[in-house]
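Basis for what follows: all heavy atoms, side chains included, without hydrogens, waters or symmetry-related copies.
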Amino acid sequence: MKRFVPCTGINFTDDENVYRAVWPESKVPDFWKADGSLSYAALRDGNGLSVERAADRPEDAALAQIADRFRGSIVSITVQQCDCVSAIVIPLPTEHSDYHTEIHGSRVSKKLSKTQANFLAQHAVIKIKRDL
C-alpha cells in the first residue's frame with residue numbers, strides 16, 4: 001500500500017525499508033546483545049531516530065551511499081513494522097541527504113518507547129555488520 005505524507009509530497013510503501021547506521025559493539029556495547037542481535041537501545045534517541053529511506057533506489061545503492069557516510073553496521077526495518085507499533089515515519093531531507101527520515105514514537109514524543117524500540121530491534125535485519 002502506498003501512502004502520502006501530507007505537506008511533503010512524499011509517498012511511502014509499507015514494504016519500503018529504512019536503514020539505520022549503528023555503532024559497533026566495540027564502540028557502544030549496549031547497542032548489541034550477547035548473541036550479536038540488535039538491542040532496543042540502538043533505536044532510542046530523544047531527538048527522533050534518524051534513518052535513511054530506500055525510496056526509489058535499489059537496496060545495494062542505498063546501502064553503499066549510507067556505508068560511505070557512516071561507520072559501523074547498518075540495519076533495516078520496514079515502514080509497515082513501524083506502523084505495527086504506531087511509530088511515525090517522517091521524511092526530513094537534509095543538505096546531506098534527500099533520503100533522511102526520522103522515526104518518532106508518537107506525534108507528541110520523538111523518542112520511541114521501550115516497547116516500540118524492542119519490537120523494531122527484534123524485526124531489524126542486519127544488512128552490513130562491521131567493526132571499527
Side-chain angles (χ1 to χ4, degrees):
M1 178 175 98
K2 236 180 192 188
R3 101 181 67 135
F4 182 72
V5 180
C7 304
T8 66
I10 295 176
N11 288 304
F12 283 101
T13 58
D14 287 343
D15 62 347
E16 182 175 346
N17 282 325
V18 293
Y19 302 96
R20 169 78 172 167
V22 181
W23 287 113
E25 185 177 3
S26 62
K27 181 98 171 154
V28 185
D30 290 346
F31 284 1
W32 299 95
K33 294 181 181 178
D35 66 1
S37 62
L38 191 66
S39 166
Y40 75 89
L43 303 179
R44 294 195 77 205
D45 186 326
N47 295 317
L49 187 69
S50 287
V51 295
E52 292 278 310
R53 66 184 299 232
D56 55 354
R57 300 175 290 175
E59 183 172 71
D60 58 343
L63 288 170
Q65 287 178 340
I66 297 163
D68 281 347
R69 291 194 2 248
F70 297 100
R71 298 164 63 188
S73 299
I74 300 171
V75 301
S76 72
I77 55 178
T78 66
V79 170
Q80 185 173 29
Q81 289 164 341
C82 293
D83 285 347
C84 285
V85 291
S86 300
I88 301 169
V89 182
I90 304 166
L92 292 171
T94 67
E95 65 183 64
H96 301 292
S97 174
D98 291 338
Y99 302 102
H100 180 262
T101 299
E102 285 186 4
I103 302 172
H104 291 184
S106 70
R107 296 203 185 279
V108 296
S109 174
K110 289 183 176 185
K111 188 173 186 176
L112 293 172
S113 70
K114 186 175 177 180
T115 301
Q116 289 172 315
N118 192 47
F119 177 89
L120 295 176
Q122 288 174 359
H123 290 85
V125 177
I126 300 170
K127 296 296 186 172
I128 297 174
K129 180 109 184 211
R130 58 185 177 188
D131 207 341
L132 299 180

Are [X] and [Y] joined in one hydrophobic group, where the rule is that I, L, V, M, F, W and Y side chains link up if heavy atoms are under 4.5 Å apart?
{"X": "F31", "Y": "I103", "result": "yes"}
{"X": "V75", "Y": "L49", "result": "yes"}
{"X": "V28", "Y": "I126", "result": "yes"}
{"X": "F70", "Y": "L43", "result": "no"}
{"X": "L112", "Y": "L38", "result": "yes"}

From CA spacing to verdict: side chain to side chain contact (heavy atoms under 4.5 Å, CB included), V18, I77: CA-CA 6 Å; V18 293; I77 55 178; 3.5 Å; yes
Neighbour count above 12 (heavy atom, 6.0 Å) for R107 CZ: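 It does not: R107 CZ has 12 such atoms or fewer within range.
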NZ (K129) with more than 12 external heavy atoms under 6.0 Å: yes
To the nearest 0.5 Å, how far apart are [atom1] in [X] and [atom2] in [Y]?
{"X": "Q65", "Y": "Y99", "atom1": "CD", "atom2": "OH", "value": "6.0 Å"}
{"X": "H104", "Y": "S86", "atom1": "NE2", "atom2": "OG", "value": "15.0 Å"}
{"X": "R53", "Y": "L92", "atom1": "CZ", "atom2": "CG", "value": "11.5 Å"}
{"X": "E102", "Y": "K110", "atom1": "CD", "atom2": "NZ", "value": "5.5 Å"}
{"X": "N17", "Y": "Q80", "atom1": "CG", "atom2": "CD", "value": "11.5 Å"}
{"X": "R20", "Y": "I66", "atom1": "CZ", "atom2": "CD1", "value": "11.5 Å"}

Looking at every non-hydrogen atom in both residues, tell me the closest pair between [X] and [Y] and how far apart they are.
{"X": "F119", "Y": "Q81", "value": "CE2-O, 3.5 Å"}
{"X": "G36", "Y": "W32", "value": "O-CE3, 3.4 Å"}
{"X": "Q116", "Y": "V85", "value": "NE2-O, 2.9 Å"}
{"X": "G72", "Y": "R130", "value": "O-NE, 2.5 Å"}
{"X": "T101", "Y": "I90", "value": "CG2-O, 3.1 Å"}
{"X": "S76", "Y": "K127", "value": "OG-CE, 3.2 Å"}

When you compare the side chain of [Y] with that of [X], does any pair of heavy atoms fall below 4.5 Å?
{"X": "E25", "Y": "D131", "value": "no"}
{"X": "T78", "Y": "F12", "value": "no"}
{"X": "D45", "Y": "S50", "value": "no"}

Chi angles and distances behind the side chain to side chain contact (heavy atoms under 4.5 Å, CB included) call for R71, K27: CA-CA 11 Å; R71 298 164 63 188; K27 181 98 171 154; over 6 Å; no
Any donor-acceptor N/O pair, T94 side chain to S97 backbone, under 3.5 Å: yes
Backbone of A41 reached by a side-chain donor or acceptor of R44 within 3.5 Å: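 Such a contact is absent between R44 side chain and A41 backbone.
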